Asker: 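My questions all concern the structure below.
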Number of protein chains: 2
Amino acid sequence: MKGNNKFSIGEFSEKTGISIRTLHYYDEMGLLQPEKNPTSGHRIYSHRDILTLQKILSLKFLGYSLDKILHLLNESSFTVDLNETLSLHFQALENEKERIEQSMTAIKRVTKLLEVEGEVDSAILFTLIHSMQTENIQKEWMERHIQADIAEELSKKTEEEKATLDQTFIQLAKEVKQLYGKPVEDPKVQEMIQTYLEASFAFLGEDLIQELADTDVEELDIQELENLTPSPFSDDEQQWLNEAMEYCMKQAELD
Amino acid sequence: MKGNNKFSIGEFSEKTGISIRTLHYYDEMGLLQPEKNPTSGHRIYSHRDILTLQKILSLKFLGYSLDKILHLLNESSFTVDLNETLSLHFQALENEKERIEQSMTAIKRVTKLLEVEGEVDSAILFTLIHSMQTENIQKEWMERHIQADIAEELSKKTEEEKATLDQTFIQLAKEVKQLYGKPVEDPKVQEMIQTYLEASFAFLGEDLIQELADTDVEELDIQELENLTPSPFSDDEQQWLNEAMEYCMKQAELD
DNA sequence: TATAAAACCTGACGGAACTGTAGGTTCAAG
DNA sequence: CTTGAACCTACAGTTCCGTCAGGTTTTATA
């Protein structure tokens with residue numbers, strides 16, 4: 001097999017960087033079927049096969065499945081819809097890329113949180129991660145129920161600001177776990193609520209708060225939003241927290 | 001099943017957006033095993049299960065495999081190495097992202113080419129795509145054999161410049177297919193070679209050309225580079241092209 | 001030329017994270 | 001009491017190979 005353009009499968013594999021198993025597989029499925037020594041059954045690859053493999057790898061690179069590639073190779077006139085499929089694959093890649101970027105951002109945020117906080121209760125952590133995951137869906141919810149520009153503004157908050165809110169939220173969660181059981185009018189409890197609300201206000205800004213307050217949303221839709229962002233608290237804790245908040249609001253109204 | 005925190009699998013699926021079949025799967029593999037009605041065998045999901053699912057989805061989002069997630073759920077003290085695995089996954093995501101971006105760039109280039117040229121011989125097209133694919137490997141080759149800064153400069157050429165070279169290359173390939181068979185000293189052939197060389201020079205710039213000419217690389221290594229970028233020409237065409245180039249060079253020296 | 005080592009062959013199984021299907025049981029409403 | 005929707009289990013299939021296992025052919029060496 002020393003000829004200049006006849007290769008054994010091993011040589012061909014070496015030359016192209018494609019594993020022998022993969023070449024077997026491509027042969028088996030009809031993608032790349034080289035000549036065969038009829039007595040021994042050994043495969044004999046030629047220059048033509050390099051070109052074919054190149055085609056295959058290129059199409060794979062562009063995102064085609066091997067199955068589709070098989071069809072494309074057989075039908076010679078495939079330049080017709082190439083453009084269309086290309087833009088389709090481009091779209092798919094774009095989505096994939098966005099997903100990846102979101103994950104990367106989430107990891108960055110979690111890492112930072114761990115850095116600052118040391119250790120974080122896992123339930124809380126997962127609530128945060130989950131809400132990062134569904135940030136897009138939440139945004140869609142917002143756009144359906146609130147004016148789109150507000151939603152837009154919310155989603156444009158800097159990473160910095162989001163990180164700060166994360167920390168506040170974690171702080172809240174920790175304190176809730178500590179203070180749970182005390183009466184809602186306990187000054188410590190009320191202080192905690194105050195701090196949390198202030199941080200939220202600082203994040204949202206006055207205008208947004210006002211708009212949000214003015215918007216009335218149906219119970220069912222609220223339910224839907226809550227499904228998107230389940231809380232890290234047990235039902236009892238959540239109940240208690242709600243009561244504490246209501247109490248705080250009432251006090252504020254009295255002033 | 002109208003209770004507020006007990007759900008049938010259908011309701012749970014609706015609520016969480018995870019398909020019934022997947023929930024079955026998670027149950028089967030031990031990831032999320034809800035209560036079961038002992039007589040009917042129907043699954044009964046509770047609030048707790050939402051939290052668990054949230055954990056699962058979060059960890060998946062961060063890049064963990066279901067297998068690992070299964071272990072993480074059981075072992076409560078997993079915050080220990082979280083940081084390490086997170087940065088690991090971050091790396092992986094970064095690589096993935098780069099791969100995707102390369103594919104996207106390739107598609108853009110191909111699309112543009114199709115736009116400008118109308119239709120392109122598939123062999124040539126695939127040569128181009130293949131060389132985009134292996135641009136990194138080619139760069140590594142360069143860095144091994146030529147000074148790193150030259151390689152760097154080459155890979156920093158703008159997309160614009162690359163597109164232009166693509167077109168020139170395609171032009172060359174078309175003409176080669178047309179002119180093949182004519183004697184190498186035919187003026188049309190020589191004109192084609194000239195045009196191509198000039199375009200290459202324009203792309204590379206004088207300094208680079210000079211450096212490239214000064215560098216001598218072993219035959220074996222050249223072979224390696226050629227394996228990376230197989231030509232769209234048949235052996236005969238390639239042979240003829242080489243001769244035509246040599247003739248052109250000689251003529252240039254005579255001047 | 002005999003023999004050992006390397007390369008090659010086919011065939012089957014595995015795996016990651018699901019999805020699909022078939023055939024049967026249970027539930028909710030009319 | 002019936003009907004249709006929802007649910008159950010169990011098995012198979014998907015993609016693109018990696019990894020044996022057990023046998024044959026080629027190549028290198030003694």
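Order of the sequence lines fixes the chain letters, A, B, ..., with proteins taken first and strands second; residue numbering starts at 1 for each chain. Quantities reported herein were computed from a predicted structural model and do not represent experimental measurements.
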Asker: Quick one: ring pair (Phe, Tyr, Trp, His ring centres under 6.0 Å) partners of B/His24, sequence neighbours excluded?
Answerer: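 B/His24 satisfies ring pair (Phe, Tyr, Trp, His ring centres under 6.0 Å) with no other residue.
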Asker: Can you tell me the distance, in whole Å, between the CD1 atom of A/Ile44 and the C1' atom of C/dC8?
Answerer: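 About 12 Å, once rounded to whole Å.
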Asker: Provide, to the nearest angstrom, the distance between the CD atom belonging to B/Glu14 and the P atom belonging to D/dC7.
Answerer: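 After rounding, the gap between these two atoms is 10 Å.
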Asker: Whole angstrom is fine here: how far is it from CD1 in A/Ile9 over to P in C/dA7?
Answerer: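 In whole Å, C/dA7 P lies 13 Å from A/Ile9 CD1.
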Asker: Could you check how far CD of B/Glu11 sits from P of D/dA6, rounded to whole Å?
Answerer: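 Nearest whole value for this atom pair: 11 Å.
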Asker: Atom CG of B/Leu32 to atom P of C/dC18: distance rounded to whole Å?
Answerer: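 Atom-to-atom, B/Leu32 to C/dC18, this comes out as 13 Å.
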Asker: Please identify each residue that fulfils side chain to side chain donor-acceptor pair (under 3.5 Å) with B/Ser19, with sequence neighbours left out.
Answerer: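 With sequence neighbours excluded, B/Ser19 shows a side chain to side chain donor-acceptor pair (under 3.5 Å) to B/Thr22, given in chain and number order.
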Asker: For nucleotides 9-24 of chain D, give me one character per nucleotide, 5' to 3': B if any protein heavy atom sits under 4.0 Å from the base, S if the only such contacts are to the sugar-phosphate, - if neither.
Answerer: B-B----BBBB-----
Asker: Calculate the interatomic distance between B/Leu70 atom CG and C/dG15 atom P; express it in whole Å.
Answerer: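 Atom CG in B/Leu70 sits about 15 Å away from atom P in C/dG15.
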Asker: Does anything in residues 18-31 of chain B form a salt bridge (Lys or Arg N to Asp or Glu O under 4.0 Å)? List the pairs, not counting sequence neighbours.
Answerer: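 Every salt bridge (Lys or Arg N to Asp or Glu O under 4.0 Å) pair that includes a residue of residues 18-31 of chain B, provided the two are not neighbours, is B/Asp27-B/Arg43.
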Asker: Which residue pairs pass the salt bridge (Lys or Arg N to Asp or Glu O under 4.0 Å) test with at least one member in residues 85-98 of chain A, sequence neighbours excluded?
Answerer: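 Matches after skipping sequence neighbours: A/Glu96-A/Arg99, A/Lys97-B/Glu101.
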Asker: Taking only residues two or more places apart in sequence or in another chain, which ones pass side-chain contact (heavy atoms from CB on, under 4.5 Å) with A/Lys139?
Answerer: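 A/Lys139 satisfies side-chain contact (heavy atoms from CB on, under 4.5 Å) with A/Glu143, A/Glu152, A/Ser155 only.
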Asker: Any heavy-atom pair between the side chains of A/Tyr45 and A/Leu23 that's under 4.5 Å?
Answerer: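 Counting from C-beta outward, A/Leu23 and A/Tyr45 do come under 4.5 Å.
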Asker: Whole Å only: how far is the CZ atom of B/Phe61 from the P atom of C/dA17?
Answerer: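 So the two atoms are 16 Å apart, to the nearest Å.
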Asker: Rounding to a whole Å, what distance do you find between B/Ile69:CD1 and C/dC18:C1'?
Answerer: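 Whole-Å distance recorded here is 13 Å.
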